[in-house]
Amino acid sequence: MPVRSRVAAAAALMMACWWAPQAVRAQPRESAPAAAPAFRADEAAKRLAGPFRLASADGERRCDLALAAEPVEGGFAVALDPAACAAISFAALVRAWTPDAAGSIRLLGAQGRTIAEFTEATGGSFEALREGDGVYFLGPPGTGEGLPATPEEVMGEWLLSRGPGVAVCRWTLREARAPGGGYRMEVAPDCDESLTRFGAVSWELSGGNILVRGVADGSTIRFARQEDGAWARVPERNRPLLMTRP
């Protein structure tokens, strides 16, 4: 190779060796993701504080209470009338309340023990399942009032959906009596798999709720009326099911 060519090649090699680390250093660094803001129980308490109605799933036992943002031992203040809440056995044990980072409301007893944990449901309400006791709701004042009192008010066709605008089944609540009690149901053939397995056979009003029975013994779905006139499955258990008129 001619001398001039060798010199040019060596110069090019030196330039490449110098430029490579410069290029690496010139690359912009990726910024670290912003950390999520720390949960502030006092701020969450201010957002949630206000009057509520505590009620059993059938609506037959209920009482009013108020959640305050005022700190007390173990959490935040609760105001309730023990006499008015006597029908709900655990109400007498409540000493405080607290929100948590997941958006739930926990009613607390002595030493901060959780008496009931209410997870967010629909229509501004919260629901709790107490093992061996049943389902309870914590919602706006007036929750559970004005529910239909007669079967005639809920007879007819209903669309079932998991969310707004996505129908998964159609039920017709009939007037004729069912052999095992309650009233007959007509179920469309194109329901989703879970509702087909459930096999709804009869319905009735129970404590202001619509109670639907399936083919298996003891298999039921309970629906509670919402403020917008729809009926929602209770407890929801992270699998919502709504009944709305077509």
Side-chain angles (χ1 to χ4, degrees), residues 41 44-100 102-149 154 204-213 218 220-228 230-242:
K46 290 177 182 178
R47 291 194 300 269
L48 291 169
F52 285 86
R53 172 156 295 177
L54 177 62
S56 57
D58 58 14
E60 295 179 354
R61 293 171 292 138
R62 65 185 71 170
C63 71
D64 293 332
L65 54 82
L67 305 182
E70 175 189 354
V72 296
E73 183 179 357
F76 299 92
V78 176
L80 59 82
D81 182 351
C85 295
I88 299 177
S89 59
F90 67 86
L93 304 175
V94 176
R95 298 289 181 270
W97 76 283
T98 189
D100 66 20
S104 300
I105 292 176
R106 290 189 290 129
L107 299 183
L108 308 175
Q111 288 82 48
R113 182 171 62 91
T114 297
I115 301 299
E117 181 174 358
F118 291 82
T119 57
E120 191 169 5
T122 57
S125 295
F126 295 77
E127 65 182 57
L129 173 63
R130 282 174 48 85
E131 295 295 335
D133 189 356
V135 176
Y136 291 86
F137 291 92
L138 195 61
T143 299
E145 294 180 350
L147 295 171
V154 295
E204 64 179 287
L205 284 176
S206 174
N209 299 158
I210 296 176
L211 186 66
V212 179
R213 289 188 172 84
T220 61
I221 300 177
R222 183 180 293 272
F223 294 87
R225 196 179 74 167
Q226 308 300 293
E227 294 180 356
D228 60 1
W231 293 73
R233 175 183 181 173
V234 292
E236 184 179 287
R237 295 179 182 173
N238 298 320
R239 189 165 175 77
L241 186 61
L242 299 174

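Just so it is clear, the values below take in all heavy atoms, side chains as well, and ignore hydrogens, waters and symmetry mates. Being a predicted model, the structure only gives us computed values, none of them experimental.
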For this session: Begin from the C-alpha positions of V78 and V72 and carry the test side-chain contact (heavy atoms from CB on, under 4.5 Å) through to its verdict.
Result: CA-CA 9 Å; V78 176; V72 296; over 6 Å; no
Exercise. Stepwise, does the side-chain contact (heavy atoms from CB on, under 4.5 Å) test hold for R225 with V154?
Worked result: CA-CA 11 Å; R225 196 179 74 167; V154 295; over 6 Å; no
For this session: Measure the spacing between CG of L129 and CD of E117 and express it to the nearest 0.5 Å.
Result: 11.0 Å
Exercise. Taking side chain as C-beta onward, heavy atoms only, is R106 less than 4.5 Å from L108?
Worked result: yes
For this session: Decide yes or no for V135 and R222: does some side-chain heavy atom of the first lie under 4.5 Å from some side-chain heavy atom of the second?
Result: no
Exercise. Hey, what do you get for CG (L48) to OG1 (T98), rounding to the nearest 0.5 Å?
Worked result: 10.0 Å
Problem set entry | From T119 atom OG1 to L138 atom CG, the distance as rounded to the nearest 0.5 Å | 11.0 Å
Problem set entry | Gap separating the CZ atom of F90 from the CG atom of L107, nearest 0.5 angstrom | 6.5 Å
Seminar exercise, completed: Here the gap from E73 atom CD to Q111 atom CD, rounded to the nearest 0.5 Å, amounts to 8.0 Å
Exercise. Hey, is the main chain of L211 close enough, under 3.5 Å, to the side chain of N209 for a donor-acceptor pair?
Worked result: no
Problem set entry | Check: L54 and F118 side chains under 4.5 Å, non-hydrogen atoms | yes
For this session: Measure across A44 and P99 and return the closest heavy-atom pair with its distance rounded to 0.1 Å.
Result: CB-CG, 3.7 Å
Exercise. Which pair of non-hydrogen atoms, one from R53 and one from P140, has the smallest distance, and what is that distance?
Worked result: CB-O, 3.9 Å
Exercise. Should S89 and D133 count as side-chain neighbours, where that means a heavy-atom distance under 4.5 Å?
Worked result: yes
For this session: Quick one: closest heavy-atom pair of A128 and A116, and the distance?
Result: CB-CB, 4.5 Å
Exercise. Are D64 and L80 side-chain neighbours, meaning at least one heavy-atom pair lies under 4.5 Å?
Worked result: no
Exercise. With respect to Y136, which candidate in R130, E127, R61 satisfies the side chain to side chain donor-acceptor pair (under 3.5 Å) definition?
Worked result: R61
Seminar exercise, completed: One should read off an interatomic distance between S104 OG and E120 CD, to the nearest 0.5 angstrom, of 8.5 Å
Exercise. Can you say whether the rings of W97 and F76 are parallel (under 30°), tilted (30 to 60°) or perpendicular (over 60°)?
Worked result: tilted
For this session: Looking only at non-hydrogen atoms, find the nearest pair between P51 and P141 and report the distance.
Result: O-CD, 3.5 Å
